[in-house]
Amino acid sequence: MKYVFEGLIIIGIVALIVTIIKYPKDVGRGILGMLLLPFERLWSYIRFFLFPLELLILFLEKKFEINYLTKFIEREPSTTKQKTKERKQINFQNFRKYIIVNSTSEQIESELNEADECCPEVNLEDHSIARTDSYSVIEIPRTGFYGYNFMIQWLTNNFTKNQIVGLASNGRTRFLTISNTEGDNDMIGRTNMGKKFWVSLYDDLDNKQFLRINPELELSSELTTESLEKMVKNAM
């Protein structure tokens, strides 16, 4: 019986070593999860005691029709995990802003109104929609940087069979933006100089108005700022 017990121990040790060698990442995640478990429980306790405060925040925001606090409480972190090689600062209020949708559906207007209701940073004042036979161009002159990116993502999520792309231009600087399907809170794009960038809805984009330049980003869209400008001009 002694030898049987020792044999089982040896087999177990060998199996453990083989598992570590064959699946090092999975073993590492398991160990890390065990180490972080006490901290996750601590955060759960903290959230429990802060729950009345969150209810008060929700009440005040509903009363005054704002969501500047819950935008940070409920948001999820960026999932792109891309590096930023440099930052290109922009003054977005000086840009003309368009969103191009390869659809002429009347549903576009209702989706814009729903986005406006959900996000205070969306501003549809003086907005317009121009249509051709195959696509629509939405101009949103009063919307800020956060609201602009939010609307691109909103339309992408609601027109899943259509291509949605944003175009911003101040004459000298132009860039196109699309929603990154690999990151729930990320946008990616390209400037008129061919520089690829990303931005994260995790940031307060109205206070951090810059493009995160990274030439290593993968951008599948073949559209350019020049081709989009032609589409806008043709529709307007």
Checklist line | Main-chain N/O of M231 paired with Y135 side-chain donor or acceptor, under 3.5 Å | finding: yes
Margin query: How long is the straight-line distance from CD1 of I178 back to CD1 of I152, given to the nearest 0.5 Å?
Written below: 9.5 Å
Notebook entry, point to check: Got a donor-acceptor contact below 3.5 angstrom from the N162 side chain to the N102 backbone?
Noted result: yes
Check: Would you say N214's side chain and E216's backbone share a donor-acceptor pair under 3.5 angstrom?
Finding: yes
Item checked: Inter-residue atom distance L211.CG - K88.NZ, 0.5 Å rounding -> 7.5 Å
Note to self: Restricting to non-hydrogen atoms, name the atom on A235 and the atom on A130 that form the minimum distance, rounded to 0.1 Å.
What the structure shows: O-CB, 3.6 Å
Note to self: Rounded at 0.5 Å granularity, tell me how far OG in S103 sits from CD in E106.
What the structure shows: 9.5 Å
Item checked: Distance, nearest 0.5 Å, that separates SG of C119 from CH2 of W154 -> 9.5 Å
Notebook entry, point to check: Closest approach of R174 and S169, non-hydrogen atoms and distance?
Noted result: CG-OG, 3.2 Å
Notebook entry, point to check: Short question: side chain of T143, backbone of G147 - any donor-acceptor pair under 3.5 Å?
Noted result: no
Next item on the list: Starting at OG1 of T225, measure out to CZ of R190 and round the result to the nearest 0.5 Å.
Entry: 8.5 Å
Item checked: Side-chain donor/acceptor of K97 to backbone N/O of A168, under 3.5 Å -> no
Item checked: Donor-acceptor pair, side chain of R212 and main chain of I188, under 3.5 angstrom -> no
Notebook entry, point to check: For the residue pair T104 and S136, what are the closest heavy atoms and their distance?
Noted result: CA-OG, 3.4 Å
Next item on the list: Measure the spacing between CZ of F145 and CZ of F210 and express it to the nearest 0.5 Å.
Entry: 8.5 Å
Margin query: Testing the basics here: between E125 and R142, what is the closest heavy-atom pair and its distance to 0.1 Å?
Written below: O-CG, 3.1 Å
Next item on the list: List the atom of Y148, the atom of L167, and the distance in Å for their closest heavy-atom pair.
Entry: OH-N, 3.0 Å
Checklist line | Closest non-hydrogen atom pair between I129 and L112, with its separation | finding: CD1-CD1, 3.8 Å
Next item on the list: Assert yes or no for the condition that the ring centre distance of F95 to F175 is strictly below 6.0 Å.
Entry: yes
